[in-house]
Amino acid sequence: MSKPSLPQGTRDFGPEVVRKRQYIFNTIRTVFELYGFQPLETPAMENLETLMGKYGEEGDKLIFRILNNGLDNPDKQQQARADFEKVLEGKNVKGITERALKYDLTIPFARYVAMNHGQLTFPFKRYQIQPVWRADRPQRGRYREFYQCDADMVGSNSLLNEVELANIYNDVFTQLGIDQYELRINSRKILAALAELCGGADKMIDITIAIDKLDKIGLDKVKAELEQRGLNEEQISTIEKYLNITGNNREKLQQITALIGHLETGKKGIEELEYLDNNSQIDNRHSPLVLDFTLARGLNYYTGIIFEAKAPATVKIGSIGGGGRYNDLTGLFGVPNIPGVGISFGVDRIYDVMEELQLFPENVAIGTQVLFFNLGADESTMAFSHMQSLRKQGVRCELFHEPTKMDKQFKYAEKKNIGFVIIIGSQELQNGTCVVKNLKTGIQETIPVANLTSKLFI
RNA sequence: GAGGUUGUAGCUCAGUUGGUUAGAGCGCUAGAUUGUGGUUCUAGAGGUCGAGGGUUCGAAACCCUUCAUCCUCCCCA
């Protein structure tokens, strides 16, 4: 028997961590509900063909596939061998694998909408908080199983949706105390116009992949990569002009207009960003909305505005959320003309940011509020009955599991971060009283047991 | 998929050039303390040195293989 272990890139969450994570989930969920989004859950696994080809070539490799059961059935051995040969050639064969763990929440949502579009009321606004899996190599802030919190609305082209989503970001991060975050925005239309300006719409992917790295590797290396990706000197110089756009949002818009405003898609993109910038009435100490024309985002189904929430610069974690508009997501599933826009929160990274900046409120760690000491048979019977009265009032409490030295019972309370202990010993039993001790302050008082239920244990 | 790092007690880590019986701090258990925790003091338990093989009189240390881990790139949350 070898030592027990976890699959690579997965984690257990102990009680304290779960509490903190739930605090984040609950905050996000509450804000989603506040904006009229409805919950949705989809299965952990999808048919492989639902997922394949939706995340680009790189994405396909990162999908966790599930091996079919019954491959060892002797009757089907020959077929299995033949099928496996094809797998070795890099093909997907239904005989070997036809299901996969979901890779994100957006595609399963699109599948759901495509299957149910006849029944849904549009615009349909849903939120979804579930784990997803990626066969990625784990590293800092990156796991093979992690939660996504998505909110999408489909069936509307209105830019009002983008405005709402920007405000959801702001509400959530402000409530969590991450008020130095930045919400970067760009439009795929701007990027498309840039590609057009460089003479080839087909170059868009090459260009975006390269310029997305600007803040990471610097201008020179971006230019080198562009060259390597087959762009000529003139095109690179155009892109350099594009990358040199600086200033506040208004100034950036002026400069981008000069560069690509004469192009149809460029003009549209600029209008969208202008609208979003003017109408997101985000009142914050610093305005989190930052136009960033280098922002590209990997998922290739985005067509309009794209978002990326960045952690405060002091914590080197980068993106803590992202999203954007897609014009025709369900078209992939045979239901065309349903546009949508959505955002996602990266809970695991938000957790790391909050931990680093010490933003969790102290009381998230409190489970049990009151521990009743166990000081004998009669004493604990009395304690039990009072404990049940407190529980009826919603006070979380427990009775120590066996009569033992007070020393032990105190230490148990301390380790579990229980704020109060209630002592009912022989004296108290006789007098109909109890001792209530606040472990934080060390102050204790003796009160009649009848008064217990009127006390607040916080 | 490519490159690198580190694996020693429950946790964080020492361990000299390869040399006797592998250490510390924290944590854990018990006692000092028969109705008062946090501090202090004392004692105790706890190890296949990641695993397998090799070199050697002798390996935690050197070599090979393998597994795990963390990091960087690609890509992404």
message = Using modelled atom types and a 3.5 Å cut-off, is there a donor and acceptor pairing between side-chain atoms of A:S280 and backbone atoms of A:D277?
response = no

key: Check: A:N186 side chain, A:F293 main-chain N or O, donor-acceptor pair, under 3.5 Å   = yes

request  = Sticking with atom C1', work out how far B:U56 lies from B:G18, rounded to a whole angstrom.
outcome  = 9 Å

All N/O pairs under 3.5 Å across the protein-nucleotides 43-45 of chain B interface:
none

key: Residues A:E445, A:K455: salt bridge by 4.0 Å N-O rule   = yes

ask   = If you look at every strand shown and take non-hydrogen atoms under 4.0 Å, does A:Y143 touch a base, only sugar-phosphate, or nothing?
value = base

key: Most 5' of A:E225 and A:F345 on RNA chain B, judged by nearest nucleotide   = A:E225

inquiry  = Between P on B:A77 and CD1 on A:I320, what's the gap in Å once rounded to a whole number?
reply    = 13 Å

ask   = Nearest-Å distance, CG (A:N438) to C1' (B:U36)?
value = 14 Å

message = Any residue in residues 6-31 of chain A with a heavy atom nearer than 4.0 angstrom to RNA chain B? Just list them by number, or reply none.
response = A:Q8

task = Output yes when a side-chain donor or acceptor of A:N374 lies under 3.5 Å from a complementary backbone atom of A:F400, and no otherwise.
result = yes

ask   = With a non-hydrogen cut-off below 4.0 angstrom, is A:D407 in contact with a base, only sugar-phosphate, or nothing?
value = sugar-phosphate

message = For A:F457 and A:F420, take the angle between the two ring planes, folded into 0 to 90°, and tell me which bin it lands in: parallel under 30, tilted 30 to 60, perpendicular over 60.
response = perpendicular

inquiry  = Would you say the ring centers of A:F173 and A:F345 fall short of 6.0 Å from each other?
reply    = yes

task = Indicate yes or no for a side-chain donor-acceptor contact from A:E356 to the backbone of A:V353 under 3.5 Å, with no hydrogens or angles considered.
result = no

message = So is the aromatic ring of A:F410 stacked onto the base of B:G38, judging by whether the centres are under 5.5 Å apart and the planes are under 30° apart?
response = no

inquiry  = Rounding to an integer number of angstrom, what distance separates B:G3 and B:G19 when you compare their P atoms?
reply    = 34 Å

key: Rounded distance in Å - CD1 (A:I129) to C1' (B:A77)   = 15 Å

request  = Quick one: label A:G322 by what it contacts on the DNA or RNA (base, sugar-phosphate, nothing), any heavy atom closer than 4.0 Å.
outcome  = nothing

Could you list all N or O pairs between the protein and nucleotides 28-32 of chain B that sit under 3.5 Å apart?
| unit_1 | atom_1 | unit_2 | atom_2 | d |
| --- | --- | --- | --- | --- |
| B:C28 | OP1 | A:K415 | NZ | 2.3 |
| B:A30 | OP1 | A:K408 | NZ | 2.8 |
| B:G31 | OP2 | A:K405 | NZ | 3.1 |

request  = Could you measure between the two P atoms, the one in B:C71 and the one in B:U6, and give it in whole Å?
outcome  = 15 Å

message = Under a 3.5 Å distance rule, please check whether A:K54 uses its side chain to pair with a backbone N or O of A:M52 as donor and acceptor.
response = yes

query = Do any pairs count as a ring-ring contact (aromatic ring centres under 6.0 Å, His included) and have a residue in residues 362-390 of chain A, sequence neighbours left out, and if so which ones?
reply = A:F373-A:F410

remark   = A correct dot-bracket answer for RNA chain B, with pairs being Watson-Crick or G-U at under 3.5 Å, [ ] for crossing pairs and | for inter-strand pairs, is ((((.((..((((.....[...)))).(((((.......))))).....(((((..]....))))))).))))....

remark   = To the nearest angstrom, the CZ-P distance between A:R137 and B:G3 comes to 10 Å

key: A:E227 atom CD, over 12 foreign heavy atoms within 6.0 Å   = no

query = Ignoring hydrogens and geometry, is there a side-chain-to-backbone donor-acceptor pair from A:R349 to A:S319 under 3.5 Å?
reply = yes

query = What interatomic distance, in whole Å, is found between P of B:U40 and the corresponding atom of B:G35?
reply = 25 Å

ask   = Are the ring centres of A:Y181 and A:Y169 closer than 6.0 Å?
value = no

query = Using the P atom in both, what is the distance from B:U69 to B:A32, to the nearest Å?
reply = 45 Å

ask   = Does the A:N170 side chain pair with the main chain of A:A166, one donor and one acceptor, at a distance under 3.5 Å?
value = no

request  = Could you work out the separation of B:A59 and B:C49 based on their C1' atoms and round it to a whole Å?
outcome  = 11 Å

Verdict with reasoning, A:Q235 to A:I207, per side-chain contact (heavy atoms from CB on, under 4.5 Å) = CA-CA 10 Å; A:Q235 292 166 334; A:I207 295 173; over 6 Å; no

query = Which value, in whole Å, describes the distance between the C1' atoms of nucleotides B:U12 and B:C73?
reply = 30 Å

query = Could you give the CD-to-C1' distance, from A:Q139 to B:C76, as a whole number of Å?
reply = 9 Å

request  = Indicate, with a heavy-atom threshold strictly under 4.0 Å, whether A:S319 touches base, sugar-phosphate, or nothing.
outcome  = sugar-phosphate

Candidate pair A:Y127 and A:F37, rule ring-ring contact (aromatic ring centres under 6.0 Å, His included), full reasoning = CA-CA 6 Å; A:Y127 72 90; A:F37 287 76; 7.6 Å; no

key: Nearest to side-chain heavy atoms of A:M406, which nucleotide of B:G35, B:A77, B:C74   = B:G35

note = A:E145 atom CD is separated from B:A77 atom C1', nearest whole Å, by 14 Å

query = Got a donor-acceptor contact below 3.5 angstrom from the A:R391 side chain to the A:C397 backbone?
reply = yes

query = Which part of the nucleic acid, if any, lies within contact of A:I350, taking any heavy atom under 4.0 Å across all strands shown: a base, the sugar-phosphate backbone alone, or nothing?
reply = nothing

ask   = Which residues within residues 441-458 of chain A lie with some heavy atom under 4.0 Å of an atom in RNA chain B?
value = A:G442, A:Q444

query = A:I343 has an atom CD1; how far is it from atom C1' of B:C76, in whole Å?
reply = 18 Å

query = A:D136 CG to B:C73 P: how many Å, rounded?
reply = 13 Å

task = For A:P138 and for A:Q148, find the nucleotide of RNA chain B with the closest heavy atom, then tell me which residue's nucleotide is more 5'.
result = A:P138

query = Looking for any heavy atom pair under 4.0 Å, which part of the strands does A:E379 touch: base, sugar-phosphate only, or nothing?
reply = nothing

message = Under 4.0 Å between a side-chain nitrogen and a carboxylate oxygen: does that hold for A:R325 and A:E272?
response = no

key: Minimum-distance nucleotide to A:I423 side chain [options: B:G37, B:C76, B:G35]   = B:G35

inquiry  = Using atom C1' in both nucleotides, what's the gap between B:G47 and B:A9 to the nearest angstrom?
reply    = 6 Å

message = I'd like to know if the side chain of A:K102 and the backbone of A:T42 have a donor-acceptor N/O pair within less than 3.5 Å.
response = yes

ask   = If you look at every strand shown and take non-hydrogen atoms under 4.0 Å, does A:K310 touch a base, only sugar-phosphate, or nothing?
value = nothing

inquiry  = Using a 3.5 Å distance criterion without hydrogens, assess whether the side chain of A:D104 forms a donor-acceptor pair with backbone atoms of A:I107.
reply    = yes

